[in-house]
Amino acid sequence: MHPHIEKLLKCIDLEEKEQANRYKLDQTHTLKQLKAEGLALHPVIVTRKNFGYADYPEISFKLSFPPEANMFRDGAAIECFITGEEPVKGVLISLDGKNGEFRLFAPDFPDWIEDDGVGIKLAPDTRTTSIMKKVLLELENNKPLFRLFEQLHGDTATRNTLLSTQAHSLHFRNQSLNQSQQEAVAAIVQNEQIVIVHGPPGTGKTTTLIEAIIQLVKAGEKVLVAAPSNTAVDNIAKGLIRQQVNVLRVGNMSKVDETVFAHTPEGRLNNSKAQKEIKQLKIRAEEFRRMALKYKRSFGKAEREQRNLLFKEVKNIRTEIRKLQDYNEEKLFEEAEVIAGTPIGLYDAGIDHHHFKTLVMDEAGQCIEPLAWCIFPFADKIVLAGDHWQLPPTVLSNEAALMGFNRSILEAAVDTIRPACLLNTQYRMRESIAGFSSNYFYHDLLLTAAHLQNRGTHLTFIDTAGSGYNEQHGPDGTSLQNEGELRVVQKLIETEALDPLTTAFISPYSGQATAAREVLPATMRISTIDSFQGQEKENIIVSLVRSNDDGDIGFLKDYRRMNVAITRAKERLFVIGDSATIGADPFYNAFLTYSEKQGQYRTVWEFEM
């Protein structure tokens, strides 16, 4: 077996063990601890119950306050629990502020679902890990794909000679693409194996990919579109729908907006003959379910057998429903020009027997490598798009991360496939905000659109050195906070007349985000940097938190986190930190120097209450 496959398999095992250990609810891992670490949401208030598309129970819920829930991402494996009862496995459909939705892998709702004290917690995603292991173990049998694997993990970089692009020969539907975007589209169209589109913040990566997919479809190709997050999948799907491309969006259907829902299997089958047949079956299943539920929790042997028989009949009807849906979905798969979903969503859709010429993976910098190999076999050619200078995939196991498990498929490819198509003009932020990232991460190749080049004070660093605003552990003892920096933020909002609706507060530490919710305006977006990746606001305030006598900056050492933080603001960026703590680090020293030259350097004493 290839040594890198062995390493990836070992990493998956380590991640599995870490998940099992971290998410356990027992005497050593109390509910209070799980909540403090952002691994449990409790209590949840059930607002709606219904049976979803595949007839699984689905629950909408609200929370009494917005959680700091980086780990609760769409598609996360969860367990619904209450003290004294067996937990029920499921999947998180969505979590947006105080409101969310999850699906249970059970024939029915648990009897206790609306009792006080119900919660959900993250659970080991054994299904995804088992799929990744299976795919890796079969990889060497697929000769062309294994050659690509060896290429990505060879000792020397491979120059991709296929990028002698001829953008002028294409008729672009989107006439406003710049030169670098046109060249990226041409490279994708002419690609014969693998091509990389490197899209730094604000460079129009999604716009470029949509144009490229339109060109591929126009050339008669059937295209597969993937991204590790449902949001990214929907962004591309919406763009293609607007251009009248026949898109089928598979996977997480429940929280897509109306535009995309009409292009899901459920949306397409609405009001069809098949849907009417399915509806009749669902009514029958519901009748049997109600009969079964007449038998309460305390009953004898005969009642238990009757209840089990009724639930068995419910299960049989639901199997029939799924077969009907599968049959009708197959026709939709055949007709679609583009099929879009997350890697696991696509894998589960059973599309491996369809022939796709090109797979376009967006946010490839957020996709762990084994997840990518799950869907690479579905297409002849691969396009990886993203930015390896933003945050990598989240990995729980430190040991696995040290072995490189949090190295994305994009990082693996960028190191070995040359050159990448760089989208070189950003349209999001003022030039002085973009300048530091352009210099440090993108070798001064990232340009700013002409209308954003005018001078002015758009970047401000506020130095807390010598103020005694030291970091401290929050009440839960896990994440750091800095109350002094929050007082500066309050004063800043007031003195600069910042509108909370157009301003976001972000910090690397979840403890600081939690503390901020107590004191900052309720209408203001408050988030960790990790949760804010991919978003933007007119004004951004970044609180770095770290302030100590040892110059210890913790995971601020991952400079990609800072790259995300300082590239979210469109108009004004404020960074609050202690120069005495961060200044000894070469990266932060360079940022402080840049702030003095290109922006405004202010001290905390200007904000004394």
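Predicted model, so just to flag it, every value in this text is computed and none were measured.
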Does a side-chain heavy-atom distance below 4.5 Å link Leu384 with Val197? no
Give a yes-or-no answer on whether the side chains of Glu211 and Gln215 include a donor-acceptor pair shorter than 3.5 Å. yes
To the nearest 0.5 Å, tell me how far Leu122 CG sits from Ile78 CD1. 8.5 Å
For a 4.5 angstrom cut-off between non-hydrogen side-chain atoms, does Pro392 reach Arg407? no
Tyr594 side chain to Asn589 side chain, donor-acceptor N/O pair below 3.5 angstrom: no
How about Asp463 and Ser579: does a side-chain donor come under 3.5 Å of a side-chain acceptor? yes
Taking ring pair (Phe, Tyr, Trp, His ring centres under 6.0 Å) as the test, write out the residues that go with Phe505, two or more places apart. none
Mind listing the closest non-hydrogen atom pair of Asn482 and Gln512 along with its distance? N-OE1, 2.8 Å
State whether Lys205 and Asp362 are salt-bridged, where the test is any N-O pair (Lys NZ or Arg NE/NH1/NH2 against Asp/Glu carboxylate O) under 4.0 Å. yes
Can a salt bridge be assigned to the pair Lys49 and Glu101 using a cut-off of 4.0 Å between side-chain N and carboxylate O? no
Is the closest basic N to carboxylate O distance between Glu571 and Arg428 below 4.0 Å? no
Could you tell me which non-hydrogen atom of Lys537 sits nearest to which non-hydrogen atom of Thr503, and how far apart they are? CD-N, 4.3 Å
Take Thr528 and Asp530 through the side-chain hydrogen bond (donor to acceptor under 3.5 Å, both in side chains) test and state the conclusion after the steps. CA-CA 5 Å; Thr528 58; Asp530 296 47; 5.0 Å; no
Only one of Val225, Val233, Val250 passes side chain to side chain contact (heavy atoms under 4.5 Å, CB included) with Leu346, and that residue is Val250
State, yes or no, whether a side-chain contact exists between Asp234 and Thr231 at a heavy-atom distance under 4.5 Å. no
For Met562 and Phe591, the nearest pair of non-hydrogen atoms, with its separation, is CE-CE2, 4.1 Å
Pair Ser543-Glu485, side-chain donor/acceptor within less than 3.5 Å: yes
Within the structure provided, determine whether Thr603 and Phe461 are in side-chain contact (heavy-atom separation under 4.5 Å). no
If we count only N and O atoms by modelled type, under 3.5 Å, do the side chains of Asn178 and Ser180 hold a donor and an acceptor together? yes
Nearest heavy-atom pair of Ile526 and Pro521: which atoms, and what distance? CD1-O, 4.4 Å
So do Ile236 and Leu209 actually touch side chain to side chain, heavy atoms under 4.5 Å? yes
For residues Gln181 and Thr203, report the shortest heavy-atom separation together with the two atoms involved. NE2-O, 3.1 Å
Within this structure, what is the SG-CZ distance for the pair Cys80 and Phe61, rounded to the nearest 0.5 Å? 9.5 Å
Rounded to the nearest 0.5 angstrom, the CD-OG distance for Glu471 and Ser547 is 6.5 Å
Heavy atoms of other groups near Glu483 CD, more than 12 under 6.0 Å: no
Under the side chain to side chain donor-acceptor pair (under 3.5 Å) test, residues paired with Thr581 that sit two or more places apart: Asp578
OG/Ser438 to CD1/Ile433 distance, rounded to the nearest 0.5 angstrom? 13.5 Å
Sorted by chain and residue number, the side chain to side chain donor-acceptor pair (under 3.5 Å) partners of Thr259 (sequence neighbours excluded) come out as none
With a 4.5 Å cut-off on side-chain heavy atoms, are Glu411 and Val414 touching? no
With heavy-atom distances below 4.5 Å as the criterion, would you say the side chains of Val542 and Leu573 are in contact? yes
Do Gln366 and Gln533 make a side-chain contact, defined as non-hydrogen atoms from C-beta onward lying under 4.5 Å apart? yes
Any ion pair linking Lys491 and Glu606 (charged N to carboxylate O, less than 4.0 Å)? no
Sorted by chain and number, sequence neighbours left out, side chain to side chain donor-acceptor pair (under 3.5 Å) with Arg48 holds for Asn50
Residues forming a side chain to side chain donor-acceptor pair (under 3.5 Å) with His198, sequence neighbours excluded: Asp387
Pairwise ring pair (Phe, Tyr, Trp, His ring centres under 6.0 Å) hits with a residue in residues 541-576, at least two apart: Tyr509-Phe555, Tyr559-Phe587
The reported gap from CD1 in Ile188 to OG1 in Thr208 (rounded to nearest 0.5 angstrom) is 7.5 Å
Going by atom types only, do Arg568 and Asn539 share a side-chain donor-acceptor pair under 3.5 Å? no
Checking Gln598 against Ser432: is there a side-chain donor and acceptor pair closer than 3.5 Å? no
If you take all heavy atoms of Thr448 and Ala434, which pair is closest and at what distance? OG1-CB, 4.0 Å
